[in-house]
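Okay, structure first, notes after.
Computed over heavy atoms, backbone and side chain alike; hydrogens, waters and symmetry mates excluded. Note that the structure is predicted; figures quoted are calculated from it, not measured. One is the number of the first residue; the rest follow in order along the sequence.
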Amino acid sequence: MAMNNNKESLEKLLAVKNKFNYRQFFMIAVLIFATAADILIDYVQAGFNPSIFKDPAYWIMLGLTCLSVILVTLSVRDFFREKELRENSDVVAVQRQIDIAHSELMKRNLTTHFAEYVDDINDKRKRDAYKAYIQYKMSKCRRDKWRKKWQTLLDRADNDIEYLPVRGNLIEVSKVCYIKFNRVRIATIFSRTDRNKSDDENMEANEQAHINELIFRKLFTLISFSIALSTLFFEPNAFAVSILINTFSKLFRTAMSIYLGASDGQAFVKGTLLSKMNLRLDFIQKFLEKEKSKSEVKQVDAEGTAE
């Protein structure tokens, strides 16, 4: 009988979980907070005093508040990012395939050939980016004299590109002119962590850009809310209620920080990093297929020679 009751309770909990996701629970919590704040505000008299902007203590507390919002959000984001990397079956499966492909490169002594393959692709991308830059400049010219000049550079592009220095993913055309191109790095393909700066816009996620967007766009509303609330003061005769309102606002701010951090960490792995990992895997597999085809051709030639 007890086992049946436990089974029924578990089924009810699963039904509730399937009915509501985390986002819906969060929206319910926001609704409860907004309702409670709307009711409690009737019991206090709020005001605004511009003299607070002259008080150093106000700016110190405001800075600490904003800093706490950012730290909580980024800490939660990192936690859920790592959790998603460990537990997401698609991410784990793709990473396993990348590791297997890497092992195959080592086993077949193809690391040198793979480096040459990457260099050839980078040379092609560099050449294409340089030509695209010249064609763009030529399309903007209105005088035949300048258009002929750019056409001459385009005709010599295949030869000139060999002598243009490269800094990371930038082609140095002159001291003040640089052309960006998607540069493939072997370390990126086999690395389990993403770099802060991106050379290859296809295979590198540039996580620092995502974090900047989270701070300056998604957290802007929350920080604005904190700043606006910090400028209010409540009458002393309603001290207990004002403390309650401030407590509710801090809980709301913390809950929002946790939610934004958790959702952004999971979305980054599932929506951005996974797609980049698939591109990395596809890049390696294309190379291995190319090498396999070469081996088969050599084997056929060897068999024909033996006969």
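- Residue pairs that meet the side-chain hydrogen bond (donor to acceptor under 3.5 Å, both in side chains) test with at least one member in residues 60-73, sequence neighbours left out, do not exist here.
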Between side-chain atoms of residues 156-163 and protein atoms elsewhere (two or more places apart, or another chain), which donor-acceptor pairs fall under 3.5 Å?
unit_1: Arg156; atom_1: NE; unit_2: Asp160; atom_2: OD2; d: 3.4
unit_1: Arg156; atom_1: NH2; unit_2: Asp160; atom_2: OD2; d: 3.4
unit_1: Asp158; atom_1: OD1; unit_2: Lys131; atom_2: NZ; d: 3.0

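- For Tyr133, there are no ring pair (Phe, Tyr, Trp, His ring centres under 6.0 Å) partners at least two apart in sequence or on another chain.
- Judged as a side-chain hydrogen bond (donor to acceptor under 3.5 Å, both in side chains), the pairs with a partner in residues 101-112 (not counting sequence neighbours) are, in order, Glu104-Arg108.
- Residues passing the side chain to side chain donor-acceptor pair (under 3.5 Å) test with Glu116, sequence neighbours excluded: none.
- The other members of the hydrophobic cluster of Phe79, by chain and number, are Val72, Val76, Phe80, Ile258 (side-chain heavy atoms under 4.5 Å, ILVMFWY only).
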Would Val166 and Phe181 satisfy side-chain contact (heavy atoms from CB on, under 4.5 Å), going step by step from the backbone distance to the final call?
CA-CA 10 Å; Val166 175; Phe181 74 103; 3.9 Å; yes
Evaluation steps, side-chain contact (heavy atoms from CB on, under 4.5 Å), between Thr188 and Phe283
CA-CA 12 Å; Thr188 297; Phe283 186 89; over 6 Å; no
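- Shown here are the salt bridge (charged side-chain N to carboxylate O under 4.0 Å, His left out) partners of Lys290, two or more places apart in sequence or in another chain: there are none.
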Test side-chain contact (heavy atoms from CB on, under 4.5 Å) on Arg77 and Phe268 and set out the steps.
CA-CA 9 Å; Arg77 181 192 184 278; Phe268 172 75; 3.6 Å; yes
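- Contact record, Arg86 with Val92: O-CG2, 3.4 Å, taken as the closest heavy-atom pair.
- Trp146 belongs to no hydrophobic cluster with other residues, because no ILVMFWY side-chain heavy atom falls under 4.5 Å from its own, directly or through intermediates.
- No donor-acceptor pair closer than 3.5 Å links the side chain of Asn122 to the backbone N or O of Arg183.
- The shortest side-chain heavy-atom distance between Phe287 and Ile121 does not fall under the 4.5 Å cut-off.
- With Leu85 as the partner, the side chain to side chain contact (heavy atoms under 4.5 Å, CB included) test is satisfied by one option alone out of Lys83, Arg81, Glu87: Arg81.
- Using a cut-off of 4.0 Å between Lys/Arg side-chain N and Asp/Glu carboxylate O, Asp123 and Arg127 are scored as not salt-bridged.
- With hydrophobic clusters built from ILVMFWY side chains whose heavy atoms lie under 4.5 angstrom apart, Leu281 shares a cluster with Leu279.
- Taking the salt bridge (charged side-chain N to carboxylate O under 4.0 Å, His left out) definition, one finds that Arg143 meets it with nothing, sequence neighbours left out.
- Both the sub-6.0 Å distance and the 45° axial angle are not jointly satisfied by Arg167 relative to the ring of Tyr178.
- Taking 4.5 Å as the limit, some side-chain heavy atom of Phe190 sits within range of a side-chain heavy atom of Ile284.
- Scored by the side chain to side chain donor-acceptor pair (under 3.5 Å) test, Arg96 finds no partners at all (sequence neighbours excluded).
- For Lys148, the salt bridge (charged side-chain N to carboxylate O under 4.0 Å, His left out) criterion is met by no residue, not counting sequence neighbours.
- Grouping the Ile, Leu, Val, Met, Phe, Trp and Tyr side chains by contacts below 4.5 angstrom, directly or via other members, places Tyr259 with Ile211.
- The salt bridge (charged side-chain N to carboxylate O under 4.0 Å, His left out) check on Asp120 picks up nothing, with sequence neighbours excluded.
- When each of Leu274, Val91, Asp90, Asp264 is checked for a side chain to side chain contact (heavy atoms under 4.5 Å, CB included) with Val269, only Val91 meets the rule.
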